[in-house]
A.B. asks: 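Have a look at this one.
Ligands are counted one by one from 1 in listed order, and the atoms in each one are counted from 1 as well. The chain is numbered in sequence order, starting from 1.
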Amino acid sequence: MAEDCARLLEPLTLGPMTLPNRIVSTAHQTNLVVDHLPTDDFIAYHEARARGGTGMIVLEAAAVHRSGLLTSKTLAAYLPDSERALRRVAEATRPHGTRLLVQLFHGGREQIAVPPRAPVLAPSAIPSPRFRVEPRALDGHEIEQLIDGYAAGARTAENAGLDGVEISAAHSYLIASFFDPAINRRRDEWSDPCALLERIIAAVRQAAPRLAVGLRISADAPHSAAIAQAAGDSLDYLHGTLGDASTLRGAVGIVPPPPITYRSVLEAARGLARTVPLILTGRFTEPHVADEAIRAGHADAVGMTRALITDPELPRKLRENRADEVLRCIGCNACIAHYHDGTGIACTQNPRTGRERRMPRRRDGATRRIAIVGAGPAGLAAAAEAIAAGDSVVLFEQEDSVGGQTRLYRDAPGQRELGATLARNYDRVLASERLDLRLGCRADAHAVAGVRPDLVLLACGALPFAPELDQAGLELSQAWDVLAGARPSGRVVVADWGGDPSGLDSAEVLASEGADLVLAVASYGVGEGLHHYRRAHYLDRLYSAGVEIRHHLRLTGASRGEVHFANTFARGVATVIPADHLVLAQGRVPAPVPEPAWGDMPVRRVGDCETPRSLEEAILEGTRAVLEVA
Ligand SMILES: Cc1cc2nc3c(=O)[nH]c(=O)nc-3n(C[C@H](O)[C@H](O)[C@H](O)COP(=O)(O)O)c2cc1C
Ligand code: SF4
C-alpha cells in the first residue's frame, strides 16, 4: 500500500516553502475559538495533525476585518492578540515538519451570525438567499480598508512565524463575489472584477515578502477560470475546491457528502490553467485515490481534510506501511454540522477529534474481559476501544452480521458508502485475536454472565417506532423493511416524521425502481435531522428522481385506498392521499435489552438502546464506556 502512495508522500515546493509530503489539511473552522482567537484545544487539535505527519495545514478562515466574520467563533486576523495566538500554534506544529498557513478571509455577503448581526458589506446591495442576508454596497474607502486588512493579516502571519497565507476567493465569498456580474453591479473602478484580487495579492506580497501565498477558488464556479487567470503566476499555488456558500444547493459542494465523489472536483478543475502548482480538495478519502490524482497530473497536492479530521495519523500510517490501519472518513458531515451548530469540532468515527486534551487512551496496563451485547456502531466502537487498551471482548450479536442499522444502508444512495466504510473501519477489530464474536447469538443475562465479564455493555440498538394506527385495509411496512429489501406494490405513500433519514432513503430506493410514490413529510422541511448539505443533496436526488414531496402532513391513519393526514400547523386542516401501501418512517424506539439479572457486574447501556440518536453519540458512548468504567 505504501508504494501506491509514493507520490502522495513526496515533498513539494510551493514558492518559498517545501512540504514534506502532499497531504494537506485545508482550512476548516473548528469552533475551538474564543473571542476570535485560538484556544488550547485548537492548538492541540492541529498539533495532533502535525504530529501525524500532515504536509501542510491551512488554519481556518481568519477574518481580515470585523465585517468579514462568519460567526462569533471566526478567527480574527485583525486583532492585536492574533499574532501571539498564531505564534503558539506555529510553535506547536513546527517541530513536526508541517508547513503552517492561515486562510485570509472575508465573507462578503455571507454571514452566519447570530443576533445582533453585524452590518454586512458586499460589492452591491443584492440580497443573498442562503443566510437571508441583505447587504449594503461597500464604498471605495471601505474597499481600501479591506485591502489593508488582508495586508495586515499577512504581516501578522509572517510575524507569528507561519509559512504562508491562503487567500480565499472561493465559495462566493467577498473576492469571488466581485467576479459575479449578478452580485457586482458597480460602476466604479471596482466593477472590473480583477481589480480587487490584484490589489489584495500585491498588498499581501508587499506586507509579507517571506511568505508563500496561495489562492483558494471554487473550481465549479462559472468564474473560476477568470479568477485563476487574474491571479496568474503571482501565486505560489492555486487551490481548487467546490461549492457556493450563497445558495442552498451550491453550499453542498463546500463539504460534499456521498454519493458525491472526488471525481467532481477533478472534473471541475479540468479547464483551469496550470501556471502554478495546483492543490485539489473534495472527498479524497482514500490515500491511493489521492496518490493517483497526483500521479495522473490532475494535481500537485491533495486536500484530505475530513480524512485527517477522522484520522490525524493518516500520513504517518502511510509512511510506515500501515495503510490498512487508517480510520476512514465516512462522509456523514457531523463535523460541519458541529460548525453550524456552534459547537466544537467532532468526528463521528473518531471521538478523540476535538477532544485531544480530554480523551487520552487508557494505558493502565490492566486487562479486563468485556461482554458487549450488540454489534452495531456503539458495540463495535466499544470493542475497538477495549481491544486497543488490551482488554478481551466477547461480542454477542443476534443477527448473522455486524453493523446494526448501518446494514440497512446497503441500497440507499445517500448511505451506501457511509455504511460500507464504517464496516471497513472495524475490519481490524473483527480480526483481532482478543475478540470473541458470537454471531446469531441472542444474549440473555445468563449467557452474558457465563463469560464472567468485568464489564457488560448493552448496545442493543433501536427498532422502528410503530404508532398505533387505524389502518383498516391498507398494507403497511416500515421504511426499515423497504431498506432491507421489501418492495411494496401499487401507489406508495411514505409518511416521514422528518427526523432520521430512513423515510428519505426508502423513498429514494423505491423511486429509483420506478415506484409511484408520494413522500409526505410532517416537519418544517425534509430531512431536518440531517446536516443541511446532506439534506440539500437528498432533495436534489429526490426531485431529480421525480418523487412528489408534500409538506406539513402529520400521519393520523389510513383506510382502504387512502392515507389520512392532519396539517402539522393548522388545526382542522386534513389531507387524504390515495395509496395502496403505506411506508412508515415515524422515528425509532430503544430496542429491548436483556433482563437485568447481573449480580454485581457493572452494566452500562450505550447508544440507541439508551436513547436512539445519531452514529456520533453511539460511537462516543461506546468508546467512553470502556474508558470510564474502572
Ligand atoms: C468543519 C469544516 C469547516 C470548514 N471551514 C472552512 C473554512 O474555514 N474555509 C474554507 O475555505 N473551507 C472550509 N471548509 C471546507 C474544507 O476546507 C474542505 O474543502 C472540505 O472539507 C472538503 O474537503 P474534504 O472532502 O477533504 O473534507 C470546512 C470544512 C469543514 C468540514
Ligand atoms: S464527522 Fe463524518 S464526515 Fe466529518 S470527518 Fe468524521 S467521518 Fe468524516
Side-chain angles (χ1 to χ4, degrees), residues 23-33 45 49 54 57-63 68-71 73-75 101-107 110 112 166-173 175-176 214-220 239-243 245 251-258 260-262 264-265 279-287 289-290 293 301-312 314 327-354 377 417-418 421-422 425 531 533-534 614-616 619-620:
I23 301 172
V24 180
S25 170
T26 67
H28 57 286
Q29 283 119 325
T30 55
N31 282 344
L32 306 175
V33 169
Y45 173 82
R49 272 108 200 123
T54 303
I57 292 176
V58 184
L59 298 179
E60 62 199 75
L69 294 170
L70 266 173
T71 73
K73 291 182 180 167
T74 306
L75 288 183
L101 292 80
V102 64
Q103 185 175 72
L104 297 182
F105 175 87
H106 191 292
E110 308 314 321
I112 321 175
E166 178 176 280
I167 299 166
S168 172
H171 304 143
S172 217
Y173 296 132
I175 296 174
L215 184 74
R216 190 168 216 208
I217 62 171
S218 291
D220 57 342
H239 182 177
T241 187
L242 298 172
V252 172
I254 300 175
V255 190
I260 299 171
T261 71
Y262 66 93
S264 295
V265 74
I279 300 174
L280 288 183
T281 300
R283 289 232 68 229
F284 287 99
T285 48
E286 295 293 335
V289 168
V302 175
M304 300 188 72
T305 305
R306 280 172 291 174
L308 290 159
I309 292 175
T310 311
D311 191 343
L314 179 146
L327 193 68
R328 257 71 177 184
C329 165
I330 59 174
C332 64
N333 274 9
C335 46
I336 186 72
H338 273 264
Y339 170 62
H340 286 120
D341 289 344
T343 53
I345 193 161
C347 172
T348 291
Q349 284 292 275
N350 180 358
R352 290 185 167 81
T353 290
E417 184 189 328
L418 193 153
T421 309
L422 184 138
N425 278 339
H531 177 258
Y533 296 169
R534 288 187 73 198
S614 74
L615 276 175
E616 181 183 342
I619 290 169
L620 178 62

A.B. asks: Could you say whether the N/O atoms of Arg283 and ligand 1 ever approach to under 3.5 Å?
C.D. replies: yes
A.B. asks: For atom 26 (O) of ligand 1, what's the nearest protein heavy-atom neighbour? Residue, atom name and distance, please.
C.D. replies: Thr305 N, 2.9 Å
A.B. asks: Hey, does Arg306 come in under 3.5 Å of ligand 1, counting only N/O atoms on both sides?
C.D. replies: yes
A.B. asks: Would you check whether Arg216 has a nitrogen or oxygen atom less than 3.5 angstrom from a nitrogen or oxygen atom of ligand 1?
C.D. replies: yes
A.B. asks: Considering non-hydrogen atoms of the protein only, which is the closest contact for atom 29 (C) of ligand 1, and what is the distance?
C.D. replies: Val255 CG2, 3.5 Å
A.B. asks: Yes or no: does Gly303 have any heavy atom under 4.0 Å from an atom of ligand 1?
C.D. replies: yes
A.B. asks: Does Tyr339, backbone or side chain, put an N or O under 3.5 Å from an N or O of ligand 1?
C.D. replies: no
A.B. asks: Short of 2.8 Å from atom 8 (Fe) of ligand 2, name each protein N/O/S atom, waters not counted.
C.D. replies: Cys329 SG
A.B. asks: Return the residue, atom name and 0.1 Å-rounded distance of the protein heavy atom closest to atom 9 (N) of ligand 1.
C.D. replies: Gln103 OE1, 2.8 Å
A.B. asks: Can you pull out the closest protein heavy atom to atom 14 (N) of ligand 1? Residue, atom name and distance to 0.1 Å, please.
C.D. replies: Ala27 O, 3.3 Å
A.B. asks: Measuring from the heavy atoms of His171, does anything fall under 4.0 Å of ligand 1?
C.D. replies: yes
A.B. asks: Show the nearest heavy-atom pair for residues Leu422 and Pro377, with the distance to one decimal.
C.D. replies: CD2-CG, 4.5 Å
A.B. asks: Answer yes if the side chains of Glu110 and Ser172 hold a donor-acceptor pair under 3.5 Å, and no otherwise.
C.D. replies: no
A.B. asks: Among protein heavy atoms, which sits nearest to atom 23 (O) of ligand 1, and what does the distance come to when rounded to 0.1 Å?
C.D. replies: Thr281 CG2, 3.1 Å
A.B. asks: If we ignore angles and hydrogens, is there a donor and acceptor under 3.5 Å between the side chains of Arg49 and Thr353?
C.D. replies: yes
A.B. asks: Give me the nearest non-hydrogen protein atom to atom 30 (C) of ligand 1 as residue plus atom name, then the distance to 0.1 Å.
C.D. replies: His28 CB, 3.7 Å
A.B. asks: Within less than 4.0 angstrom of ligand 1, does Ser168 place any heavy atom?
C.D. replies: no
A.B. asks: Considering only protein heavy atoms, which is closest to atom 22 (C) of ligand 1, and at what distance to one decimal place?
C.D. replies: Ile254 O, 3.7 Å
A.B. asks: What class does the angle between the rings of His340 and His531 fall in, given that below 30° is parallel, 30 to 60° is tilted and above 60° is perpendicular?
C.D. replies: parallel
A.B. asks: So which of His531, Gln29, Glu166, Glu60 gets nearest to atom 8 (O) of ligand 1, if we judge by its closest heavy atom?
C.D. replies: Gln29
